[in-house]
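The next block holds one structure in the form of structure tokens; read it before the comments.
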Amino acid sequence: MEVCVVGVGYVGLVTAACFAHIGNTVVGVDDDREKVQRLLQGEVPIYEPFLDQVIAQAVNEGRLTFTEKIEDGVRSCQIIFICVGTPPLEHGEADLSSVETVVQRIAEVAEGHKLIVEKSTVPVQTGFWVDRTLQLYGQKGTAEYDVASNPEFLREGSALEDFLHPDRIVIGVEMIRGTFSCPIHQKCPQAGNVPFLVTNMASAEIIKHASNSFLATKISFINLIAALCEKVGADVSRVAEGMGLDPRIGRAFLNAGIGFGGFCLPKDLQAFVRIGEKHGCDLRLLKEVERINEDQINVFVEKLRERLWIIRGKTIAVLGLSFKPNTDDIRFSPALEVIGKLLKEGATVKAYDPKAMAKAQHVLASVEFCNDPYDALDGADAAAIVTEWDEFKRLDPSRVKQKMRRPLIVDGRNILDPEEMRSLGIEYCGIGR
Ligand code: UDX
């Protein structure tokens, strides 16, 4: 099949690369000329495991190309995925202006039959507006359209795996005029057993926001329980283990810590609350989920303050800058908020992250960026673990102790063993344990 992917950010680039990888011919479109040029020169602008290799192979084999001219992609492909950004506006609702612009452009240049698939995370009823915009702006043309919603469930850090081995494929449609088959089902034998759910458009759109909001709810729930665990001498990790053994609950997303970040969970949660308001439905549970999450940053900084007494003048090693491991994405990363608070209080911050330093250097002034974790720990009064990179799980405790001015670790991701740390003479403090 010939597939056009409009918008090659995180979702679009992974989508384009994976569709090409499984044998389709893909045109990736983006109006960011510099990004397109970099991609054409073989440079991948984000870090995502294996993405560079998959792109390089598909480009070399002539199945993947990039352009800034949307008309080239639209004219040559029958299926067009819309993957442009939907960033939050001031009050949290999604900015859909890029989606509208792309749909108008498609309507202006398309000929023949096209299937337009919305993959960007969008509020419910966007599909309706996409369809309407195509009809309104395509009046002069000869094109005929089908519109579908196909929400993505890609996790950064394992996006390729998630795309090629999905746990479900959701398609929202009102009425399909053409005949299409699912490329993932066709090309990946393992995908034969993947649940394939066809719903109407509104349900598919809600599935995306409801899924991310539910994941966020699990995290805030366990963070709330963590606070109680601390008061009564329980260990939240064991509590999560015990709860998770019930298949109705499940262990995933019950890791207590500094809270959720990234460009999906916080923004989708906020957008969902706004969608509820717009339709006269108070999603108050989700407002609380958001409030608990925002508070986790304060909980974490308080832990440092309780142990350091005075933060001003102290040197704090921040381990981790990305919002989660295996990505260089720092958008809405808890690390940035923690660092902002520490700097405001007069601390000296030394930071290290295996992948996110280049991006962090653009947004963080007054931070000393270090070559490795031990360099960051050198002379520090405390270490703040903010991202659960494997590299931090393997830290050598005796070297940590020897490097630090005061061996104090505040572990915002509960990745180290409290007993082991304490037995080695390291003052250790996790979340809810
Ligand atoms: C999320 C969804 O998981 C994915 O399905 C969707 O399509 C895009 O949004 P992603 O943003 O990559 O994916 O990150 P995710 O793995 O969901 O983690 C989000 C945040 O929650 C991270 O900051 C992570 O550290 C935190 N988290 C996750 C916890 O604090 N505790 C947990 O138990 C799990």
Side-chain angles (χ1 to χ4, degrees), residues 3-16 19 26-32 35-36 66-75 77-110 114-139 141 143 145-154 170-174 199-212 263-264 266-275 278-279 331:
V3 177
C4 171
V5 176
V6 186
V8 284
Y10 270 96
V11 172
L13 196 54
V14 171
T15 302
F19 273 138
V26 181
V27 183
V29 176
D30 205 292
D31 63 0
D32 181 339
K35 188 192 278 181
V36 168
F66 298 97
T67 177
E68 51 190 285
K69 293 191 189 127
I70 190 168
E71 56 273 24
D72 291 354
V74 170
R75 289 203 183 112
C77 302
Q78 198 190 357
I79 305 184
I80 300 155
F81 282 85
I82 300 178
C83 298
V84 292
T86 53
L89 291 167
E90 197 189 340
H91 298 293
E93 67 271 34
D95 179 356
L96 298 175
S97 53
S98 297
V99 174
E100 188 192 35
T101 305
V102 164
V103 177
Q104 286 172 343
R105 283 293 291 143
I106 293 171
E108 281 162 14
V109 299
K114 304 285 173 191
L115 172 62
I116 314 296
V117 189
E118 66 171 40
K119 211 167 178 52
S120 303
T121 302
V122 290
V124 62
Q125 295 186 337
T126 301
F128 163 81
W129 279 105
V130 168
D131 199 21
R132 195 166 153 70
T133 305
L134 288 167
Q135 307 308 330
L136 289 172
Y137 287 82
Q139 279 167 355
Y145 301 100
D146 280 310
V147 177
S149 161
N150 171 220
E152 57 84 14
F153 303 105
L154 310 177
V170 175
I171 308 282
V173 278
E174 296 303 323
T199 68
N200 69 8
M201 197 99 73
S203 305
E205 289 166 336
I206 291 274
I207 286 170
K208 169 71 194 195
H209 270 121
S211 298
N212 274 359
F263 204 59
C264 290
K267 123 178 137 65
D268 290 357
L269 189 68
Q270 262 194 11
F272 207 28
V273 170
R274 296 289 101 79
I275 291 166
K278 190 174 160 206
H279 296 279
R331 293 173 300 174

**Report entry** Nearest heavy atoms of T126 and E205, plus distance in Å
**Finding:** N-OE2, 3.4 Å
Report summary line: salt bridge (charged side-chain N to carboxylate O under 4.0 Å, His left out) filter on D268, not counting sequence neighbours, yields none
**Report entry** Listed partners of E152 passing salt bridge (charged side-chain N to carboxylate O under 4.0 Å, His left out), at least two apart
**Finding:** K208
Report task. Compare every heavy atom of P151 with every heavy atom of V170, then report the nearest pair and how far apart it is. Result -> O-CD, 3.5 Å
Query raised in the report: Is the backbone N or O of M201 less than 3.5 Å from a side-chain atom of S149, with the two atoms forming a donor-acceptor pair by type?
Result: no
Requested in this report: Would you please name every residue forming a side chain to side chain donor-acceptor pair (under 3.5 Å) with S203, sequence neighbours left out?
Outcome: N200
Query - Geometric class of the F19/F81 ring pair [parallel <30°, tilted 30-60°, perpendicular >60°] - result: tilted
Requested in this report: Apply side chain to side chain contact (heavy atoms under 4.5 Å, CB included) to D32 and list each qualifying residue two or more places apart in sequence or on a separate chain.
Outcome: D30, E34, K35
Report task. Would you please name every residue forming a side chain to side chain donor-acceptor pair (under 3.5 Å) with D31, sequence neighbours left out? Result -> none
Report task. Kindly write out the residues that satisfy side chain to side chain donor-acceptor pair (under 3.5 Å) with D72, not counting sequence neighbours, or none if the list is empty. Result -> none
Requested in this report: Examine distances only and state if a side-chain atom of K114 and a backbone atom of V74 form a donor-acceptor pair shorter than 3.5 Å.
Outcome: yes
Requested in this report: Tell me, please, which residues at least two apart from E68 pass salt bridge (charged side-chain N to carboxylate O under 4.0 Å, His left out).
Outcome: R33
**Report entry** Qualifying residues under side chain to side chain contact (heavy atoms under 4.5 Å, CB included), relative to V273, sequence neighbours excluded
**Finding:** E277, L286, K287
Query raised in the report: In chain order, what residues pass the ring pair (Phe, Tyr, Trp, His ring centres under 6.0 Å) check against Y10, with sequence neighbours excluded?
Result: none
Query - Sequence-distant partners of T101, side chain to side chain contact (heavy atoms under 4.5 Å, CB included), two or more places apart - result: none
**Report entry** Residue Y137 excluded, over 12 heavy atoms near OH under 6.0 Å
**Finding:** no
Requested in this report: Please answer whether the main-chain N or O of R274 pairs with a side-chain N or O of E93 as donor and acceptor at a distance below 3.5 Å.
Outcome: no
Query - Set of residues satisfying side chain to side chain donor-acceptor pair (under 3.5 Å) with respect to E108, sequence neighbours excluded - result: R105
Report task. Just jot down the side chain to side chain contact (heavy atoms under 4.5 Å, CB included) partners of P88, sequence neighbours excluded, or say none. Result -> F263, K267, F332
